[in-house]
Amino acid sequence: MRRFAFVVRGVAWRSIHNTIVSPSIIIPSIVFPLFFFAAFAGGLSKIAQVPNFDYKPGYTAFQFTFVFLQSAAFGGVFTGFAVARDFDSGFARRLLLSAPARGGIIVGYVIGALLRWGITGSVVTVVALASGMNVPAGPGDLFALLALGVLFNLVAALWAVGLAMFLRTEQAGAVIQMPVFVVLFLAPVYVPLHLLTGWVHSVARLNPATFALEAARGLLAGTPTDIALAFGLLGGSIVLWAAFARRGLRSAERAAG
Amino acid sequence: MPDGEAIVASGLVRQFRKGPRAVDGIDLSVSYGEIYGFLGPNGAGKSTTVHMLTTLLPPTSGQASVAGFDIVHQGRQVRTVIGAALQEAALDPILTGREHLLLQATLQGLPKPKRVQRADELLTRVGLTEAADRRISGYSGGMKRRLDLALALVHGPRILFLDEPTTGLDLQSRTALWEEVARLAREEGITVFLTTQYLEEADALAHRVGIIDHGHIVAEDTPERLKAEIGSPTVEVVPVEHDQAELLRGTLEQFGTPVSADGTVTVQLPGGEAQLAELVRALDAASLHVASLTLHQPTLDDVFLAKTGRKLEGAADEEPEEAPADGGKRGRRGR
Amino acid sequence: MGAEHASVLEQIGAIARRSIVRTFRQRGLLVFPLLFPLILFAINGSALSAATRIPGFPPVSYRAFALAVPFMQGALFVAVTAGVDLARDIETGFFNRLALTPLRGGALLLGQLGGAFVVACVQAVVYLVVGVASGVGIASGAGGALVLLALSTLIAFGFAGLGTLVALRFGNGEAVQAVFPLFFVSLFLSSMALPRNLIKTPWFHDVATYNPVSYLIEGVRSLIITGWDGQALALGFGFAAALAIISLGASSLAMRSRMART
């Protein structure tokens with residue numbers, strides 16, 4: 001167990017250290033969510049005037065929840081990129097050969113993803129509050145919102161790290177990123193679910209990200225709905241993608257010899 | 001053969017914004033048809049010199065002409081008479097060998113009907129006919145270098161600049177390229193200016209060698225004369241019977257001070273190779289039977305050591321930053 | 001050897017041919033820029049359909065309103081591909097090989113952009129066909145569709161000029177990639193998602209008004225949803241031409257400096 005903890009600590013430390021000391025890694029992680037927040041909350045605010053758009057805290061808060069979860073997801077995706085880069089540079093192979101408990105590698109990278117999101121999520125939240133976002137939620141709701149973000153980050157990180165271990169090249173970046181991007185944008189990003197129409201409504205109704213997003217919006221508004229369902233779905237996703245990441249690790253182990 | 005020298009340089013200097021002078025006042029004179037070897041460690045200034053002579057980099061001071069054309073004021077004329085294979089075998093991995101040659105032939109202004117013919121001819125000459133329609137990404141290092149050479153020859157240049165053409169190649173590929181370069185000079189009269197950090201390459205190919213270190217030419221002559229200048233050859237003799245080593249040693253004392261090691265006795269011949277026959281007669285007179293007798297000429301490494309106080313191998317300098325002192329924006333050129 | 005000087009047109013043709021061959025042989029480079037804007041178009045065209053219920057929104061489907069966006073995104077991808085290609089040539093030394101031939105800098109630049117031009121044309125046709133197939137009518141008719149292709153190609157040409165400018169100035173592909181997000185910011189901070197008069201947030205409205213990308217997108221959009229709108233077209237073509245002239249002019253100067261043979 002101590003050996004496992006040792007590997008987790010080492011990999012997580014390296015992951016967050018590289019994030020902090022490399023502007024090329026940390027800046028896009030922070031700038032992209034902020035940019036989406038500015039573009040959506042600023043450019044589309046008139047959408048709140050659409051009849052039956054009934055989100056009380058306003059459009060800024062409505063978009064904040066999306067960007068909050070998006071930054072959580074991209075914290076995981078960017079960590080997947082880092083894993084792929086480690087395979088390209090040969091570092092991952094060395095890690096696989098030297099780590100006494102290889103399961104700790106995945107956990108270490110995932111914790112690195114969480115710490116990375118700790119930075120970007122904080123920045124996004126501070127900017128949203130500074131721009132005058134309404135927060136009717138109580139402390140319990142906010143804690144639950146944070147927990148939702150953490151689980152969302154874990155799901156994305158396990159997917160990205162697992163896939164990176166299967167593909168083992170940075171060129172696979174688009175393959176890691178695109179599905180996350182599509183799943184996020186097939187949720188009710190711009191308007192509540194009941195205002196979506198056509199095929200996007202049909203897809204969004206079944207999209208797990210929709211449940212997380214609607215739950216997050218309910219929590220921020222202080223009127224939580226379907227929270228258990230959202231947490232249950234995210235918990236189930238974590239189990240599923242953890243198994244996927246474990247298989248990715250096995251595949252990488254076989255390749256490393 | 002045109003009048004004058006193929007390449008002439010006088011006081012050529014290239015100063016970079018950061019770091020020392022990469023080339024610090026070199027003088028050169030290369031005759032038509034000659035293979036001139038420019039030997040030195042990494043960072044000595046070889047590539048910077050080539051970039052100046054091929055008009056890719058203006059000199060900070062000094063003059064040079066190639067085929068009688070001034071490298072600063074007649075750059076276009078210089079480029080029409082030279083071919084160059086620079087240090088990076090700069091090829092497009094997505095294109096095929098034939099496509100490279102056709103592109104080069106078009107840009108060099110070969111008439112349309114001649115382009116295909118010239119590409120075929122060069123592909124045959126460098127042994128790439130079978131690989132002609134394969135993408136470069138599948139070529140070996142040796143194949144890339146041979147294609148690089150073919151590209152430099154597309155427009156039939158009179159003077160060829162080869163910047164470390166065999167770096168990273170295996171012995172077989174290296175030897176094949178040497179043969180082709182030697183043939184170009186011998187049969188087509190092409191002047192070759194070749195930079196290298198390999199002693200054996202300069203020794204095997206060059207009619208004359210210039211040794212460059214820290215931007216200065218520290219020695220220049222034929223390889224034989226450079227080596228002769230350093231000292232006389234040595235002879236290594238191994239007797240058939242080990243117990244004859246002492247007798248052998250005594251016999252060789254008349255030529256110099258013999259050194260014994262592992263049953264081999266070595267002695268320097270102050271009179272050069274001419275003394276070899278005399279040495280054999282002395283061995284015969286002493287009734288000594290030898291298992292082997294080897295004559296060792298001084299190497300260019302000995303010359304480099306004598307001129308710079310360092311061995312060529314491992315003598316690499318830090319390359320200067322490629323930002324010219326005159327404020328030009330030249331990126332990576334000159335390496 | 002009987003070498004003459006190749007005409008400038010021949011030089012441009014040779015470089016353009018190489019650029020096109022390169023692009024079409026790397027299908028990943030072609031497919032992603034083609035698919036990504038279409039995926040976003042499919043999602044946003046439907047997900048933002050509620051926006052049509054905002055008072056003052058043009059009386060068209062959101063899909064029709066959004067069809068202009070893929071043309072812009074495609075142009076940005078073309079810019080990056082053109083820039084990265086040139087930067088790679090500089091990094092690998094291929095640029096030096098070209099510099100040793102009688103190739104003129106302008107011919108290299110135009111040839112390189114010729115490849116981008118062909119890719120932009122192919123992309124624009126695909127976007128138009130997909131848009132029409134998804135039920136979007138072109139208000140300006142068949143003639144308008146041709147003008148739309150011309151305008152979007154001119155825009156792509158202008159952005160590609162910016163890509164090559166960055167490549168020539170910095171000489172490495174990473175710099176070009178790093179500038180790419182800035183291009184996208186300029187697109188998002190425009191009237192991409194809503195008409196300018198419906199952008200409520202004051203700072204965003206101001207940015208979108210001063211952002212030339214708004215006028216490029218509105219020029220393309222006018223042909224799709226309005227018909228022949230002289231002012232929108234004049235502004236669209238005007239800004240596109242200005243972008244092309246400025247970016248190509250600056251690229252030519254950068255090329256002169258980069259290709260400073262003696």
**Student:** Indicate the atoms forming the closest heavy-atom contact of C/Pro102 with B/Gln108, along with that distance.
**Tutor:**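 Between these two residues, the closest heavy atoms are CD-OE1, 3.2 Å.
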**Student:** Of the non-hydrogen atoms in C/Gly93 and B/Ala90, which two are nearest, and what is the gap between them?
**Tutor:** C-CB, 3.2 Å
**Student:** Nearest 0.5 Å, please: how far is CZ in C/Arg18 from CD in B/Glu99?
**Tutor:** 10.5 Å
**Student:** Look at B/Leu86, B/Asp92, B/Val78 and state which one has the largest set of heavy-atom pairs under 4.5 Å with chain C.
**Tutor:**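 Top option by heavy-atom pairs under 4.5 Å: B/Asp92.
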**Student:** So how far is it from B/His155 NE2 to C/Thr101 OG1, rounded to the nearest 0.5 Å?
**Tutor:** 9.0 Å
**Student:** From B/Leu103 CG over to C/Leu103 CG, what is the distance, rounded to the nearest 0.5 angstrom?
**Tutor:**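 It is 8.5 Å, given to the nearest 0.5 Å.
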**Student:** Quick one: pull up CZ in C/Arg17 and CG in B/Leu102 and give me the separation to the nearest 0.5 Å.
**Tutor:**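 Rounded to the nearest 0.5 Å, the CZ-CG separation comes to 9.0 Å.
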**Student:** Does atom CD (B/Gln63) have a neighbourhood of more than 12 heavy atoms from anything else shown, all under 6.0 Å?
**Tutor:** no
**Student:** With only heavy atoms counted, which part of B/Leu95 is less than 4.5 Å from chain C, the side chain, the backbone, both or neither?
**Tutor:**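 B/Leu95 touches chain C through backbone and side-chain heavy atoms alike.
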**Student:** Check whether any side-chain heavy atom of B/Thr106 sits under 4.5 Å from a side-chain heavy atom of C/Gln11, and report yes or no.
**Tutor:** no
**Student:** Between atom OG of C/Ser19 and atom CD1 of B/Ile94, what is the distance when rounded to the nearest 0.5 Å?
**Tutor:**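 Answer for the OG-CD1 pair, C/Ser19 versus B/Ile94, is 12.0 Å.
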**Student:** Is a donor on one side and an acceptor on the other found under 3.5 Å between the side chain of B/Arg79 and the backbone of C/Leu100?
**Tutor:** no
**Student:** Please name the pair of heavy atoms, one in B/Leu107 and one in C/Ala14, separated by the smallest distance, quoted to 0.1 Å.
**Tutor:**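 Heavy atoms only, the tightest pair is CD2-CB, 4.3 Å.
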**Student:** For the pair C/Arg97 and B/Asp148, find out whether any cationic side-chain nitrogen is under 4.0 Å from an anionic carboxylate oxygen.
**Tutor:**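 Yes.
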**Student:** Which region of B/Leu91, side chain (C-beta onward) or backbone (N, CA, C, O), has a non-hydrogen atom less than 4.5 Å from a non-hydrogen atom of chain C, or is it both or neither?
**Tutor:**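 Both parts, heavy atoms under 4.5 Å.
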**Student:** Counting neighbours of CZ on C/Phe117 that are heavy atoms of other residues, nucleotides or ligands and sit closer than 6.0 Å, is the number greater than 12?
**Tutor:** no
